[in-house]
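What follows is a set of notes on a single structure, which appears directly below.
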Amino acid sequence: MMNMQNMMRQAQKLQKQMEKKQAELAETTFTGTSAQDLVSVVFTGDKKLVNITFKEAIVDPEDVETLQDMTTQAINDALSQIDDATQKTLGAFAGKLPF
C-alpha cells in the first residue's frame, strides 16, 4: 500500500513539472523562415500564429503562387521547430513515470 502512495505522489510531482514545462513552452516564440528569409512567421509554443512578415522582394502581384509557397514553407518550418521542442521538453517525462 505504501508503494502505491509513493507512486501516486511521484506521478503528481511529475504532472506539476510537466504542466510548468508546457506553460514555458507555450510562452516561447518560434520563428520559421522560407528560402532566403523572404517570408518569416512567428508562432508561440502552443502553435498560435503571432506574425507574418513578407520582404518587399517577394510581393509580386504577378506571382502570388511563389508568395503562397514561401508562406507555407515558413509556417511548416516554425511548426516543425515547435514539435521538436515539445518532444525534447515533454518527451523527457515519459521515462520518469513511476509505472
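Counting begins at 1 with the first residue of the sequence. On a predicted model such as this, the values are computed, not experimentally measured, just so you know.
- A distance of 14.0 Å separates NZ of Lys20 from CG of Leu25, quoted to the nearest 0.5 Å.
- Once rounded to the nearest 0.5 Å, the distance linking CG of Asp60 with CZ of Phe54 reads 13.5 Å.
- Legend: side chain to side chain donor-acceptor pair (under 3.5 Å) pairs involving residues 66-75, not counting sequence neighbours, sorted by first then second residue: Asp63-Thr66.
- Note that OG of Ser34 is 10.5 Å distant from CD1 of Ile75, once rounded to the nearest 0.5 Å.
- Within the model, atoms OG1 of Thr53 and CG of Leu38 stand 12.0 Å from one another, a figure rounded to the nearest 0.5 Å.
- Side-chain contact check for Asn6 versus Arg9: some heavy-atom pair is nearer than 4.5 Å.
- To the nearest 0.5 Å, atom NZ of residue Lys55 and atom OG1 of residue Thr33 are 9.5 Å apart.
- One hydrophobic cluster holds both Leu49 and Leu67 under the rule that ILVMFWY side chains link at heavy-atom gaps under 4.5 Å.
- Partners of Asp46 by salt bridge (charged side-chain N to carboxylate O under 4.0 Å, His left out), not counting sequence neighbours: none found.
- Both Met70 and Leu79 belong to a common hydrophobic cluster when Ile, Leu, Val, Met, Phe, Trp and Tyr are linked at side-chain heavy-atom distances under 4.5 angstrom.
- Within 6.0 Å of the CD atom in Glu65, the count of heavy atoms belonging to other residues, nucleotides or ligands does not exceed 12.
- Residues Ala74 and Val39 approach most closely at CB-O, 3.7 Å, considering heavy atoms.
- Grouping Ile, Leu, Val, Met, Phe, Trp and Tyr residues whose side-chain heavy atoms lie under 4.5 Å apart, directly or via other members, places Val42 in a hydrophobic cluster with Val50.
- In this view, Gln12 satisfies the side chain to side chain donor-acceptor pair (under 3.5 Å) rule with no residue, not counting sequence neighbours.
- Here the OG1 atom belonging to Thr86 is positioned 6.5 Å from the CZ atom belonging to Phe30, to the nearest 0.5 angstrom.
- Scored by the salt bridge (charged side-chain N to carboxylate O under 4.0 Å, His left out) test, Lys21 finds Glu24 as partners (sequence neighbours excluded).
- A pairwise comparison of heavy atoms in Ile82 and Gly45 identifies CG2-O, 3.3 Å as the closest pair.
- The side-chain contact (heavy atoms from CB on, under 4.5 Å) test applied to Asp84 returns Ser80, not counting sequence neighbours.
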